[in-house]
Amino acid sequence: MKLDDLCEVFEALQFPGLGAHAHPERTSVLDARSAVGSAVVDEEFLVECISWELRRLEDDHLKHGLVPFFIVPGLGVKFAFGYWPPGGTPGPHEHLAWTITAVCRNYLEVRTYDREQTYLRRELVPKNCFPASAGRVGFIYEPCIHEPRNTSRDWSLSLHVISPRDGEPLLVDYEEPLPFLTPRRGVPSAVQKDPYTRVIVARFRRRFVHQLARILASMGTPQATQVLDQCNGLASSETRRFINTTQKRGRSDAPESQWFLARTHKDLPLSHRDKGDEVALVVETARGRIEELLFSKETRDAIAFVSREQTFDVRTLPGNLSIENKTRIADVLEETGLFTSMLQTGRN
């Protein structure tokens, strides 16, 4: 199955057009859920969705919540991935229109709450708890409060198909909002302009790309191999090494620029300071100073060097450090999003 095939299902089920003040019939959502269930176990479909998601991850703007990688033309139906680290949850939140959710990899636990009683009592009133392993597909039709959570020890990935009307206030509903529900919020322009925001975006991008690369590497299909190449352009050095290893690619043709790192944002202010037997790498943000990383005192000269330089060659980090230790420092700097491989200089 391809993404276009699933889009045609929504069109054939006569989901309301974009801008229409109507919701689909319940039977239509149930039929769509069945089609989504068939799609998420199809590697061809999942690989195509991941390719779209990688294009979305190129965006350097900070966004909260489920960010769509594809929107069905004419219908406004949104497709988005949810990434779930061990223990990860968005907290209890509310959906006011239909949604379809499928677990693509690993496991989620989904708790639902009695919406009417929760509003009347002004506290969360549990209703059900659903275990959802890979391939499980659920849906919401009426307004609902729920809380997905990854209770496993590995990352999980979910696919969300979302109504264009989800989030619209209901015409007749409870007047006072519930303060303990996770709010939907945008990102102020001042925060978007803060150089540290690029660090946060880069950090999440590298984590997400690593998980997508793991999924693609487990497939081994020609299409998955092609999209792994797409991952390379967004991945950290550590993830690229993982891809090279799983695909049995040699390193002899690796470009010289693999050793060079640059600050993710040229105006990102860094400093360092000693803390007993450790040294802290400090970053100035719009919200104040953050001790981003702590290193052992043996790396002090290297961290002082990093805090001064806009770009550097990992191999030239000062101090009595092995190339393995220098590589570990570079990997951590990339993983946090503070620095970016010069293989990705087009986004600096």
Side-chain angles (χ1 to χ4, degrees), residues 57 60 85 195-196 198-214 217 228-229 231-285 289-348:
L57 288 171
D60 283 320
Y196 189 65
R198 286 279 289 276
V199 172
I200 297 171
V201 172
R203 181 181 305 164
F204 282 108
R205 176 189 295 129
R206 279 154 209 175
R207 291 176 183 174
F208 296 166
V209 169
H210 185 77
Q211 298 309 316
L212 296 176
R214 287 180 61 201
L228 269 173
D229 289 335
C231 282
N232 260 318
L234 296 171
S236 66
S237 298
E238 183 177 12
T239 300
R240 286 195 297 274
R241 290 195 295 271
F242 164 78
I243 294 172
N244 288 335
T245 299
T246 58
Q247 301 301 298
K248 297 181 173 58
R249 301 172 181 174
R251 294 179 57 87
S252 58
D253 59 346
E256 180 71 9
S257 57
Q258 69 173 316
W259 292 105
F260 289 84
L261 296 184
R263 292 195 195 192
T264 296
H265 194 293
K266 62 183 179 61
D267 296 326
L268 184 71
L270 296 176
S271 60
H272 74 285
R273 69 179 176 202
D274 295 329
K275 292 194 68 178
D277 291 336
E278 297 177 310
V279 57
L281 184 60
V282 181
V283 59
E284 300 286 345
T285 78
R289 180 175 297 177
I290 297 175
E291 289 185 356
E292 190 69 57
L293 294 166
L294 286 175
F295 297 89
S296 64
K297 64 180 180 181
E298 290 80 8
T299 66
R300 185 185 185 283
D301 291 345
I303 301 311
F305 176 81
V306 165
S307 68
R308 296 191 302 267
E309 300 298 318
Q310 283 284 338
T311 64
F312 66 91
D313 183 335
V314 174
R315 296 166 294 187
T316 64
L317 285 173
N320 187 24
L321 301 172
S322 66
I323 190 62
E324 290 78 13
N325 286 334
K326 292 177 181 180
T327 299
R328 278 196 288 270
I329 291 172
D331 284 347
V332 172
L333 293 174
E334 274 197 87
E335 194 62 32
T336 58
L338 293 172
F339 282 81
T340 298
S341 167
M342 292 290 280
L343 287 172
Q344 301 176 33
T345 51
R347 55 177 53 256
N348 288 334

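Not measured: the values here are computed from a predicted model. Reckoned from all heavy atoms, side chains included, excluding hydrogens, waters and symmetry mates. Numbers for residues simply follow the sequence, beginning at 1.
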Yes or no on side-chain contact (heavy atoms from CB on, under 4.5 Å) for L57 and F204, after CA distance, side-chain angles and deciding distance? CA-CA 9 Å; L57 288 171; F204 282 108; over 6 Å; no
Passes side-chain contact (heavy atoms from CB on, under 4.5 Å), L294 versus L281? Steps please. CA-CA 6 Å; L294 286 175; L281 184 60; over 6 Å; no
Verify side-chain contact (heavy atoms from CB on, under 4.5 Å) between K297 and V279, making sure each step is shown before the conclusion. CA-CA 6 Å; K297 64 180 180 181; V279 57; over 6 Å; no
Start with the C-alpha distance between I323 and W259, add both sets of side-chain angles, then the distance that settles side-chain contact (heavy atoms from CB on, under 4.5 Å), and finish with yes or no. CA-CA 11 Å; I323 190 62; W259 292 105; 4.0 Å; yes
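In this structure, E334 and S236 approach most closely via the heavy-atom pair OE1-CA, 3.5 Å. Heavy-atom minimum distance, P318 versus D301: CG-O, 3.5 Å. Taking each heavy atom of C231 and V209 in turn, the nearest pair found is O-CG1, 3.9 Å. Across every non-hydrogen atom of T327 and R241, the tightest pair is CG2-NH1, 3.9 Å. Here the shortest heavy-atom pairing between A213 and L228 reads O-CD2, 3.7 Å. Here the shortest heavy-atom pairing between A280 and K275 reads CB-CD, 4.1 Å.
A salt bridge does not link R328 to E238: none of the charged side-chain nitrogens sits closer than 4.0 Å to a carboxylate oxygen. With salt bridges taken as basic N to acidic carboxylate O contacts below 4.0 Å, one links E291 and R273.
The closest side-chain heavy-atom distance from F260 to F312 is not below 4.5 Å. Using a 4.5 Å heavy-atom threshold, the side chains of L261 and T311 count as separate. Two residues are said to be in side-chain contact when any heavy atoms from C-beta on lie closer than 4.5 Å; I329 and I303 meet this criterion. Counting heavy atoms from C-beta on, the side chains of L338 and L268 come closer than 4.5 Å. L270 has its side chain within reach of R263: a pair of non-hydrogen atoms, C-beta onward, lies under 4.5 Å apart.
Screening L317, T299, D313 against K326 for a side-chain contact (heavy atoms from CB on, under 4.5 Å) leaves a single residue, L317.
Of the N and O atoms on the side chains of R240 and S341, at least one donor lies less than 3.5 Å from an acceptor on the other residue. When only modelled atom types and interatomic distance are considered, T340 and R198 share no side-chain donor-acceptor pair under 3.5 Å.
Relative to the six-membered ring of F208, R205 misses at least one condition, a distance below 6.0 Å or an angle of at most 45° to the axis.
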